[in-house]
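Keep in mind that what you see is a predicted model, and the values were worked out from it rather than measured. First the proteins, then the strands, lettered A, B, ... as listed; each starts at 1.
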Amino acid sequence: MTRLVEETPYRWRIDAEGPMRVPGVVFATADLLPDPSADQALGQVAAVATLPGIVEASYAMPDMHWGYGFPIGGVAATDVERDGVVSPGGVGFDISCGVRLLLSGLRLDELRPRLDALMDALDAVIPRGMSKGAVWHLRGQAELEEVLAGGARYAVERGHGEPADLERCEDRGAVADADPAAIGARARERGLAQVGSLGSGNHFLEVEAVSEVYDEEIAQAYGLWPGRVCVLIHTGSRGLGHQVCTDSVRAMEAVMARYGISVPDRQLACAPVTSPEGQAYLSAMAAAANYGRANRQLLGQAARRAFEQATGDGGLSLLYDVSHNLAKLETHHVEGRARRLCVHRKGATLALPPGHEDLPEDLRAVGQPVLVPGSMGVGSYVLAGTPSAPAFASACHGAGRRLSRHQALKSTSAARLRAELEEAGVAVRGASARGLAEETPHAYKDVDAVVTACHLAGLARKVAKLAPVGVVKG
DNA sequence: ATGTTC
């Protein structure tokens, strides 16, 4: 049983006990905390706090819930120069899973008469579901290596997008230090035919419109005006990323004892960042991340074609593309000293503060767009990084699951859910009955409450809300 | 999340 101490209404502490090296810190209201009888995420926050080299605290965001090893919504940083570890479970199976928000030139009232045509066009060009085709037919393993090394940059080089897109991608579209050779044969095979595909589970493409603006100045800098139609794409690195995680966990389990590391849960398998195994993981992870970046770039292009075809206006501009499953080497001040850290964000979004040098120039004054998809049909939020940038500049990544997929499936009728969505004015395309039922909104926390907790805890500030008008799902 | 149990 993990004991929580309430520090503020939006911040709870788990004191460091036993093998914990740092405390746990959970950003949430009481209502958003996981139910301990059904969800072990708080114990996972404490378990992560035992990892070698961890600094400051084992953090969790308001959308936290149970995950593989680390909680989803977990943030943990380790000191690279003090034997800090990297753990594949701190990134998750869907490496560089993330979101991309594109802005159209249309107002919702202009789109309405063409909405069905647009949804049909998207239906035709967006591959989705388990291993069922992709937009991009790579020439073979040699070209897959280019994708793994170059990410969205390579996609744009090959004509899949505009150079301006890259300015609005985290890491300008490609993570450095990616080594395609660090990726195994099986992962490569799985990856060959999936670049430009949505996948299943909680992945989706949504057509939305700006429904509320909370911060005029930042919304203006982001180009978010009321009624503006936009497209939100949520997907990751598909089977390739999954296989990289599987292979890496196995490799680390085999060497942990050699490094004198013991962890309370074997799902926390890890190795020192500077070890051969740590470096191999980070190289493979970066390559898988680039695959995810290329994947979102290709789907954004497919959305442009569908808009062009259905509305005559394919001019979607990219607001931002950001991952919420990644480990990054970053410099942060800890106890007054700049330190090189390996920051794991799993179901947590990077939220760079105003003025940060990694931001594109035209967004630097206001801070990074933080994209927070809500549950299906409920709407999404755009937030912005704050000057205080707690938890190594991180924020929530979504609503956060409340019920397991199995529980959701048992408690929901897919047909009724589809009817409810259509009745609420949300067109649905391509969703399997099971996919719909597992993603029922009542299986998720209230995204309004999650975002409010983020805002009041100072993790990220509210900028605008987006209301859905159409969804494409696996 | 995932060729949902190599």
Sugar-phosphate only, base, or nothing, as touched by A/G92 at under 4.0 Å among non-hydrogen atoms: nothing
With A/V378 via side chain to side chain contact (heavy atoms under 4.5 Å, CB included) - residues at least two apart: A/S375, A/P441, A/V447
A/Q267 CD to B/dT2 P, straight-line distance once rounded to whole Å: 18 Å
Nucleotide nearest A/R186 when distance is taken to its side chain, options B/dC6, B/dT4, B/dT2: B/dC6
Positive for side chain to side chain contact (heavy atoms under 4.5 Å, CB included) with A/L318, one of A/V231, A/L166, A/L102, A/L103: A/L102
Sugar-phosphate only, base, or nothing, as touched by A/G236 at under 4.0 Å among non-hydrogen atoms: nothing
Side chain to side chain contact (heavy atoms under 4.5 Å, CB included) partner of A/V75, chosen from A/V25, A/V343, A/V45: A/V343
A/T349 side, atom OG1; A/L326 side, atom CG - distance, nearest 0.5 Å: 11.0 Å
Whole angstrom value for the distance that separates P of B/dT4 from CD of A/E439: 18 Å
Touch class at under 4.0 angstrom, heavy-atom based, for A/Q194 against every strand present: sugar-phosphate
A/Y68 OH to B/dT4 C1', straight-line distance once rounded to whole Å: 15 Å
Non-neighbouring partners of A/F70 that pass ring-ring contact (aromatic ring centres under 6.0 Å, His included), sequence neighbours left out: A/H344
Gap between atoms CZ and P, on A/F93 and B/dT2 respectively (whole Å): 12 Å
Rounded distance in Å - CZ (A/R128) to P (B/dT2): 15 Å
Toward the 5' end of DNA chain B, by each residue's nearest nucleotide, A/R250 or A/L240: A/L240
Spacing of A/E189 atom CD relative to B/dT2 atom P, expressed in whole Å: 18 Å
A/R238 side-chain N/O to B/dT2 phosphate OP1/OP2 under 4.0 Å: yes
OP1 or OP2 of B/dT2 under 4.0 Å from side-chain N/O of A/S131: no
Spacing of A/H242 atom NE2 relative to B/dC6 atom P, expressed in whole Å: 10 Å
Separation of B/dT4 P from A/Q243 CD (nearest whole Å): 11 Å
